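In this text, all values refer to a predicted model and were calculated from it rather than measured experimentally.
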Amino acid sequence: MYESELLGKLTLSAIPYHNPIIMGAVGMSAILGILLLVWVTYLGKWGYLWREWFTSVDHKRIGVMYIVLAVVMMLRGFSDAIMMRIQQASSEGTGHGFLPPEHYSQIFSAHGTIMIIFVAMPFFIGLMNFAIPLQIGARDVAYPFLNSVSFWLTAASALLVMVSLAVGDFSQAGWTGYPPLSETQFSPGPGVDYWIWSLQLGGIGTLLTGINFFVTILKMRTPGMSLMKMPVFAWTILVTTVLIMLSFPVLTVTLALLTLDRYLDMHFFTGGMGGNQMMFTNLFWIWGHPEVYIVILPAFGIYSEVVSTFSHKRLFGYTSMVYATIAIAVLSFVVWLHHFFTMGAGADVNAFFGIATMVIAVPTGVKIFNWLFTMYRGRIEFTTPMLWSLGFIVTFTVGGMTGVLLSVPGADFMLHNSEFLVAHFHNMLIPGALFGYFAGYSYWFPKMFGFRLDEKWGKRAFWSWLAGFYLAFMPLYALGFMGMPRRLVHYDNPIWQPYLLVALAGTFLIAYGIFCQGAQLVASIRNRAALRDATGDIWGSHSLEWSTASPPPFYNFAKLPQVESLDAFAHMKEHGILHRAQAPFSPIHMPRNSWMGVVMGAFTFAFGFAMVWHIWWIAAASALAILALVVMRANDENVDYMLSAEEVARCEKNTSQPATHTTAGHNDFKPITQG
């Protein structure tokens, strides 16, 4: 009794000693974690990491930490994908694979949650953190401390998902968490609670990020940069922040109602007790479909930057790109019901949402044609970022066509919850979003660290990912037409197995692509002297981030640049305008680093873990600690400082680089008529 009062539902039985697969994964993770801690201790880097990274409010360093978090979670999410593919390939007829049904259900729930919320979201947020203030000529984001808090909330939520592997279990109700599966009657354990609190706390961090960057883009653009002079990537991020601010509160309320159902025995979504299960589905997808475009629109912005840069032409149809982005955002809120055409809403409702789904393909098609026209008669360089972009254009078009097919309610009735749907949304999210993030990572890496990535390993990674994707998911389209439902742990149709074996081979090829990306990073660090960016403009780009040193100084710009046209940096180069600030310099107002973001993240994790296990005293203490930190921060007047003009001059002298290019032809952008 004493133990239950002290530790709630948490007992030693929560650790899955009986499952060798889980314990093996936990043991391997623990060994890797210990080795990492020992290595950092051996190098004596704890003080450096604390001062320069963990407590930093510099948007560039926070962006890099977001990307590191995304990569770590991608490795976890991809390991789940491999296990699912092995299970399905080996569980036909008398074979039952190697995963118990309840473990398999946890894996596909965790895989979807991790890849959407803790890979796609942190990856693009990391890229936008790094690039957006530089692109709009700002010295930081509007709220630097809030930026740090947002990251540590996200990291705490991701850690909550990881801990569920070793303590308790994760949800078996799928990444969407539909009632009644997610109600206590069918999921009495802690799994759904882990899912709820990881999404809830991470969603709050994302909402704060959306508000932060919305204000940053609207209020902190450099003099002369009107909205229609912003890079397309900045436009896609602006629109994405609007989607975040409008949709994530819906997720917050939906999860809160489900929490009340589970914790206080309310019945918002209990069909037999006056609730409505379909209300959850509507609310979830009112958030969920804009979420699809929240992760894809930033990738569209990255493709615009990359295609223009490596075609050595200004982006075709800038204005139409902007309005297509806005149109996609508006339409994303009127298509949510196509996720459940089979609910019985009626022909009229289904027809409306089917037509709206078809219409949203039009602005997306506008973007595809603009990228193609940008490349037309350009001097294309097939660098790694450009290859990711070309792979996207071809593969995403296939996914778009299958989406139009699914927008027909009659076809959706036949293919709903089949492997065809699995192939379709992976066809949208991997080439549509993940390829874009890889392109942005390769494109901005020299700006982040001062040296570019190794091209040989980068191209190996691209071709492995591309070929692996087609092998892994094209068979699933065929399986969908053959009637195979999604999420099967076992099946008796021998005709399906060859397709699943091909899909498994594709998954292993993607794994080799991930290995190549790791090898690329190692090879690049080893050869960083030869790969160094000595100019700050290694690609011959057109936006303001490339007018600074590589990596940029912590204040970004000694003097805020004056923008006179679209493609501001290309304009400066074409007209011989000096883009590096010259003396005399002025003092610069800068934010101080803060330890409070890290500590808030730690208490957030403690709060979430305590709520999962009903350890009320820890939950209350953590909530009070977070509130106390908020009050302390609100009353702290020592949150910023003035960087003296002399210090600015010294930093500029140390980071000055010649404004010449190592690659001939990178300076000139071929002008074209704007569409």
Undergrad: So, does T55 use its side chain to make a donor-acceptor pair with the main chain of W50 at under 3.5 Å?
TA: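 Yes, T55 side chain to W50 backbone: donor-acceptor pair under 3.5 Å.
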Undergrad: Look at the side chain of R221 and the backbone N and O of I217, then say whether any donor-acceptor pair between them is shorter than 3.5 Å.
TA: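 Yes; at least one donor-acceptor contact below 3.5 Å.
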Undergrad: Are more than 12 heavy atoms from other residues, nucleotides or ligands located less than 6.0 Å from atom CZ of F585?
TA: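 More than 12 heavy atoms, drawn from other residues, nucleotides or ligands, come within 6.0 Å of this atom.
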Undergrad: For a 4.5 angstrom cut-off between non-hydrogen side-chain atoms, does D58 reach E52?
TA: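 Sidechains of E52 and D58: no contact.
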Undergrad: For residues 206-259, which residue pairs qualify under ring pair (Phe, Tyr, Trp, His ring centres under 6.0 Å), counting only residues two or more places apart or in two chains?
TA: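 As it turns out, the ring pair (Phe, Tyr, Trp, His ring centres under 6.0 Å) pairs with a partner in residues 206-259, which skip direct neighbours, are F233-W444, F248-W287.
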Undergrad: Considering only residues two or more places apart or on different chains, which pairs with a residue in residues 179-188 satisfy side chain to side chain donor-acceptor pair (under 3.5 Å)?
TA: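 Non-adjacent pairs meeting side chain to side chain donor-acceptor pair (under 3.5 Å): zero.
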Undergrad: Please name the pair of heavy atoms, one in P223 and one in L560, separated by the smallest distance, quoted to 0.1 Å.
TA: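 Heavy atoms of P223 and L560 come nearest at CD-CB, 4.2 Å.
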Undergrad: Is there a side-chain contact between F151 and T209 (heavy atoms, below 4.5 Å)?
TA: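 No - every pair of side-chain heavy atoms lies 4.5 Å or more apart.
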Undergrad: Between T548 (side chain) and L544 (backbone), is there a donor-acceptor pair under 3.5 Å?
TA: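 No, T548 side chain to L544 backbone: no donor-acceptor pair under 3.5 Å.
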Undergrad: Heavy atoms, side chains only, cut-off 4.5 Å: are T113 and F170 in contact?
TA: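 Yes, their side chains come closer than 4.5 Å.
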Undergrad: Looking only at atom types and distance, does a side-chain atom of S622 sit under 3.5 Å from a main-chain N or O of A619, one as donor and one as acceptor?
TA: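 Looks like no, no N/O pair under 3.5 Å.
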Undergrad: Can I get a per-line list of side-chain donor-acceptor pairs under 3.5 Å for residues 123-142, giving both atom names and the distance, sequence neighbours left out?
TA:
from: N129; atom 1: OD1; to: N147; atom 2: ND2; distance (Å): 2.6
from: N129; atom 1: ND2; to: I125; atom 2: O; distance (Å): 3.1
from: Q135; atom 1: NE2; to: E545; atom 2: OE2; distance (Å): 3.3
from: R139; atom 1: NE; to: F557; atom 2: O; distance (Å): 2.8
from: R139; atom 1: NH2; to: F557; atom 2: O; distance (Å): 3.2
from: R139; atom 1: NH2; to: A558; atom 2: O; distance (Å): 3.0

Undergrad: How long is the gap from CD1 on I294 to OG1 on T206, to the nearest 0.5 Å?
TA: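 Those atoms lie 8.5 Å apart.
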Undergrad: Between F280 and F269, does the ring centre distance come in under 6.0 Å?
TA: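 For F280 and F269, the ring centres are under 6.0 Å apart.
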Undergrad: Going through the checks in order, is the ring-ring contact (aromatic ring centres under 6.0 Å, His included) test met by F445 and F449?
TA: CA-CA 6 Å; F445 189 93; F449 299 107; 4.8 Å; yes
Undergrad: So, does W195 use its side chain to make a donor-acceptor pair with the main chain of Q172 at under 3.5 Å?
TA: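 Not confirmed, W195 side chain does not pair with Q172 backbone.
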Undergrad: Kindly list each side-chain donor-acceptor pair under 3.5 angstrom involving residues 33-47, sequence neighbours excluded, with atom names and distances?
TA:
from: T41; atom 1: OG1; to: L37; atom 2: O; distance (Å): 2.7
from: T41; atom 1: OG1; to: W46; atom 2: NE1; distance (Å): 2.8

Undergrad: Report the residues that fulfil side chain to side chain contact (heavy atoms under 4.5 Å, CB included) with P249, sequence neighbours left out, ordered by chain and then residue number.
TA: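 Counting only residues at least two positions away or on another chain, P249 forms a side chain to side chain contact (heavy atoms under 4.5 Å, CB included) with L207.
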Undergrad: Does a sphere of radius 6.0 Å around CE in M279 hold more than 12 heavy atoms from other residues, nucleotides or ligands, not counting ones at 6.0 Å or beyond?
TA: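 No.
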Undergrad: Please examine the side chains of T259 and W197, heavy atoms only from C-beta on, and report whether any two atoms are closer than 4.5 Å.
TA: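 Contact flag for W197/T259 side chains = yes.
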Undergrad: Taking all non-hydrogen atoms of both residues into account, name the closest pair between K447 and G536 and its distance.
TA: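 Closest pair (atom of K447, atom of G536, distance): NZ-O, 2.8 Å.
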Undergrad: Considering all heavy atoms of both residues, which atom of I244 and which atom of G210 are nearest to each other, and what is their separation?
TA: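 Minimum heavy-atom contact is CG2-CA, 4.1 Å.
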Undergrad: First locate atom CD1 of I114, then atom CE of M121, and finally report the distance between them rounded to the nearest 0.5 Å.
TA: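 Between I114 CD1 and M121 CE, I get 15.5 Å after rounding to 0.5 Å.
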Undergrad: Side-chain polar contacts of residues 590-611 - donor-acceptor pairs under 3.5 angstrom, sequence neighbours left out - could you list them?
TA:
from: R592; atom 1: NE; to: N638; atom 2: OD1; distance (Å): 3.0
from: R592; atom 1: NE; to: D640; atom 2: O; distance (Å): 3.2
from: N593; atom 1: ND2; to: R51; atom 2: O; distance (Å): 2.9
from: S594; atom 1: OG; to: M596; atom 2: N; distance (Å): 3.2
from: T604; atom 1: OG1; to: M600; atom 2: O; distance (Å): 2.7

Undergrad: I would like to know whether T252 and Q200 meet side chain to side chain contact (heavy atoms under 4.5 Å, CB included); could you show each step before the answer?
TA: CA-CA 6 Å; T252 301; Q200 188 74 286; 3.3 Å; yes
Undergrad: Run the side chain to side chain contact (heavy atoms under 4.5 Å, CB included) test on L297 and I328 for me, step by step, so that the C-alpha distance in whole Å, both residues' side-chain angles and the decisive distance to 0.1 Å come before the verdict.
TA: CA-CA 9 Å; L297 283 178; I328 289 172; 4.1 Å; yes
Undergrad: Hey, could you give me the CD1/CG distance between I204 and L199, rounded to the nearest 0.5 Å?
TA: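 Going from the CD1 atom of I204 to the CG atom of L199 covers 11.0 Å.
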Undergrad: If you draw a 6.0 Å radius around CE in M28, do more than 12 non-hydrogen atoms from other residues or ligands fall strictly inside?
TA: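 Open: at most 12 neighbouring heavy atoms sit under 6.0 Å from CE of M28.
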Undergrad: Are Y443 and I302 close enough that some pair of their side-chain heavy atoms sits under 4.5 Å apart?
TA: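 Side chain of Y443 against side chain of I302, heavy atoms only: no contact under 4.5 Å found.
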Undergrad: Contact between Y293 and V239 at the side-chain level, heavy atoms closer than 4.5 Å - yes or no?
TA: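 No, every pair of side-chain atoms sits at 4.5 Å or beyond.
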Undergrad: Is D636 reaching over with its side chain to a backbone N or O of M632, donor-acceptor style, under 3.5 angstrom?
TA: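 Not at all, since once roles are kept as given, no pair shorter than 3.5 Å links the two residues.
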Undergrad: When you measure from the side chain of N212 to the backbone N and O of L208, does any donor-acceptor pair fall under 3.5 Å?
TA: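 A pair under 3.5 Å: no.
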Undergrad: Where the side chain of H267 meets the backbone of D265, is there a donor-acceptor pair that is under 3.5 Å apart?
TA: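 The answer is yes, because a donor-acceptor pair under 3.5 Å joins these two groups.
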Undergrad: Within the structure provided, determine whether L218 and L227 are in side-chain contact (heavy-atom separation under 4.5 Å).
TA: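 In contact.
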Undergrad: Search all heavy atoms of W285 against all heavy atoms of H339 and return the closest pair with its distance.
TA: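 Answer, listing the atom of W285 first, then H339: CZ3-CE1, 3.3 Å.
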Undergrad: Just wondering, do Q106 and L165 contact through their side chains at under 4.5 Å, heavy atoms?
TA: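 Contact flag for L165/Q106 side chains = no.
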Undergrad: For the atom pair OG1 (T240) and CD1 (I237), what is the distance rounded to the nearest 0.5 Å?
TA: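 The CD1 atom of I237 is 5.0 Å from OG1 of T240, to the nearest 0.5 Å.
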Undergrad: For the atom pair OH (Y194) and CG (L160), what is the distance rounded to the nearest 0.5 Å?
TA: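 It is 6.5 Å, given to the nearest 0.5 Å.
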Undergrad: Identify the two heavy atoms, one from A14 and one from W613, that lie closest to each other, and give their separation to 0.1 Å.
TA: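 Scanning both residues, the minimum pair turns out to be CB-CH2, 3.5 Å.
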Undergrad: Can Y555 and E647 be said to form a side-chain hydrogen bond (donor to acceptor under 3.5 Å, both in side chains), step by step?
TA: CA-CA 11 Å; Y555 49 80; E647 184 68 13; over 6 Å; no
Undergrad: Do you know which two heavy atoms are closest between V232 and E305, and how far apart they sit?
TA: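 Looks like N-OE2, 3.7 Å.
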Undergrad: Check the pair L10, V167 against side chain to side chain contact (heavy atoms under 4.5 Å, CB included), reporting the backbone distance first and the verdict last.
TA: CA-CA 9 Å; L10 182 62; V167 184; 3.7 Å; yes
Undergrad: Can you check whether P290's main-chain N or O pairs, donor with acceptor, with S247's side chain at less than 3.5 Å?
TA: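 Between the backbone of P290 and the side chain of S247 there is no qualifying donor-acceptor contact (under 3.5 Å).
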Undergrad: Ignoring hydrogens and angles, state whether a donor on the side chain of H614 or D193 is under 3.5 Å from an acceptor on the partner side chain.
TA: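 No, D193 and H614 have no side-chain donor paired with an acceptor closer than 3.5 Å.
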Undergrad: Starting at CG of L159, measure out to CG of L69 and round the result to the nearest 0.5 Å.
TA: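 Rounded to the nearest 0.5 Å, the CG-CG separation comes out at 10.0 Å.
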Undergrad: Test your reading of the model: is there a side-chain donor-acceptor pair from K60 to the backbone of P551, 3.5 Å cut-off?
TA: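 Not a single qualifying donor-acceptor pair exists.
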Undergrad: Between I116 and V292, is the side chain to side chain contact (heavy atoms under 4.5 Å, CB included) condition met? List the steps.
TA: CA-CA 9 Å; I116 294 289; V292 172; over 6 Å; no
Undergrad: Please state whether the rings of Y263 and W616 are parallel, tilted or perpendicular, taking 30° and 60° as the class boundaries.
TA: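 Geometry flag for W616 against Y263: perpendicular rings.
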